[in-house]
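Naming convention: chains lettered A, B, ... in sequence-line order (proteins, then strands); numbering from 1 in each chain.
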Amino acid sequence: MSQQNEQEFMKVRLDKTASLRQKGIDPYPTNYKRTHTSKEAETAFESSESRNAEFNQTIKVAGRIMGRRGMGKASFIDLSDIDGRLQIMMRKNVLNERYEILDDLDIGDWIGAEGTLFRTRTGQITLQSENFSVLCKSLRPLPEKWHGLTDVETRFRQKYLDLIANQDAIITVKNRSLLVGTIRTFMSDRGFIEVETPILVPIAAGGMANPFSTHHNALNRDLFLRIATELHLKRLVVGGIEKVFEIGRVFRNEGVDLQHNPEFTTMESYEAFTDYNDVMEMVEQLVSTVAKKLNGSETVTYGNHELDFSPPWPRIDLRQKILEVSGIDFFDHLEVDSLKNAMSQSGIDVSQQSSWSGLLDKLISDKIEPTLVQPCFLVDYPVAMSPLAKKSPTDGRIAERFEGFVCGMEICNAFTELNDPVDQRARFEEQESLRQQFQDAETDRLDEDFLIAIEHGMPPTGGLGIGIDRLTMLLTNNPSIREVILFPQLRSDRMEG
RNA sequence: GGGCCGGUAGCUCAGUUGGCAGAGCAUCGGACUUUUAAUCCGAGUGUCGUGGGUUCGAAUCCCACCCGGCUCACCA
């Protein structure tokens, strides 16, 4: 954008601002007491119509000017607010000298309008303005009304323009809020207590991820941003909070793509005296409840798919499934080289993998996840790739763990929590040694403070982590995580300096 | 990190073989008291992503870089 041209645009509007002040009008007043939103106004009018009553109430609405059609001694203004739009009619013979104020108004300005409602010749519900107020004079032009704003970069960098120009952006924000609110209610109704745990932590443990690091000056101490809420929540279960959950941001120092943002939101819950089978039932109930709340149905359209979230979701045995699709039984390949060879023979690129769990993860990602379209659970993971999950009582090589998948996307990870402190210590030590061996910053870390906590005794507990962003994508039909995060991470640009 | 595509007016987009930088909307001036992508008359609008190079001449060709999208790799 040309500096000069931009300044010319703004100069015109600054002149109009001055002109308003000359007319004794404050272009930036402190408040406006509206009586109706656009939708409430419409509903009120239709209700009086349905009673065959005349609408003679004076109401006050407020919003941003999104369009105007001047007709000389009458003007129509499209006013946009959080609920939608309402047309305002301004007539010179009604407004008298105040009609001149319209000369100083632009698309983008905020106004309040007072008057009564009627239908125009073409049937449009319209507010006949008897008075109006300038609420905020804007200085910059908005995106064009017809094509709107489509430039993806501008939509993400200047989210407010996206929200102004694209109705879908607002709908997604509202639905995300509804989704989180529904989850809160669901959990609360089941007796879960919501908590907040530290984001700045001395050890970023409880998951496989590379953490962000930072430094606290006063304490002269290096800290990390949490990669999960898991270990703090389990400390609370040790403390006797039998049902606990947290909805919060976690941070992982990794790449950005359609399904990943370095900061994202999870809902983790822990419920004493339950195992992963109970958690599976809860996930089905939770997600289908949210789906119904947002879409009015447990069947949801996502891209080309019709997704049916109604319980129960299929439980797919991980080992059997891998055997079916690749002919590999991971119990037959407990050594790295053996698994690597078997996968290589199945045509999988194993050049980037070094650890056994990394290889198996790659096998699952390549061969299984893409086939999981309808909601389902993969159950019973190898202990080697599940350092926080309890071993199956019937098979010590298997952990009581499951992950939920929809459209090839992992939406949750859950297990019967490992509460044997001796076993947990051994598993952490194994992770530490793997990190040394493979120089892998993402391997989980030993958290001594957590181990001491569970040495005091954590009851049998079923735990869950749900990716709120991905769930929102699925239930709002958005193909990219950047569409459901208001300010996604982008590379720096000139505007940031 | 690799590959492909893209970046031109506030917004949406054209721009031919290398030959004066274009349209619609928005903006500015004028007309218009039921319009709604209002209409009609008139006007202005540019660091062609950035920096080099080739050329008499570059939005256009070449090189490097920046930003975005898709995709592969990596990553839950």
(request) Report yes if a donor N or O on one partner sits less than 3.5 Å from an acceptor N or O on the other, where the partners are the side chain of A:Q259 and the base of B:rA76; otherwise report no. (result)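 Answer is no: no donor-acceptor pair is held.
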
(request) Answer yes if the side chains of A:S392 and A:D380 hold a donor-acceptor pair under 3.5 Å, and no otherwise. (result)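 Not at all, the side chains of A:S392 and A:D380 share no donor-acceptor pair under 3.5 Å.
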
(message) Both A:D103 and A:F156 contact RNA chain B. Which one's nearest nucleotide lies toward the 5' end?
(response)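 By nearest-heavy-atom nucleotide position, the 5'-most residue is A:D103.
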
(request) Residues of residues 360-377 of chain A with any non-hydrogen atom less than 4.0 angstrom from an atom of RNA chain B: list those, numerically ordered, please. (result)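 Contacting residues: A:D361, A:K362, A:E369.
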
(request) Locate the shortest heavy-atom distance separating A:L79 from A:I65; write the atom from each residue and the value. (result)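 Answer, listing the atom of A:L79 first, then A:I65: CD1-N, 4.1 Å.
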
Using only side-chain N and O atoms of [X], determine if any of them is under 4.0 Å from OP1 or OP2 of [N].
X	N	value
A:T150	B:rU12	yes
A:R252	B:rA76	no
A:Q87	B:rA38	no
A:K145	B:rG10	no
A:R69	B:rU35	no
A:R482	B:rG69	yes
A:R157	B:rG68	yes

(message) Pairing check on B:rA43: which nucleotide meets the Watson-Crick or G-U wobble criteria with it, both distances under 3.5 Å?
(response)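 Pair assignment: B:rA43 / B:rU27.
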
(request) Quickly work out the A:Q352 CD to B:rC72 C1' distance and round it to whole Å. (result)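 Rounded to whole Å, this separation is 11 Å.
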
(request) Mind checking A:A209 for me? I need base, sugar-phosphate or nothing, with any heavy atom below 4.0 Å counting as a touch. (result)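 Sugar-phosphate only.
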
(request) Report yes or no: is the cationic atom of A:R98 (NZ for Lys, CZ for Arg) under 6.0 Å from the centre of the six-membered ring of A:F132, at an angle within 45° of the ring normal? (result)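 Judged by the rule (NZ or CZ under 6.0 Å from the ring centre, within 45° of its axis), A:R98 counts as positioned above A:F132.
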
(message) Looking at A:T116 and A:F55, would you say the former's side chain and the latter's main chain have a donor-acceptor pair under 3.5 Å?
(response)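 Pair found, side chain donor or acceptor close to backbone of A:F55.
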
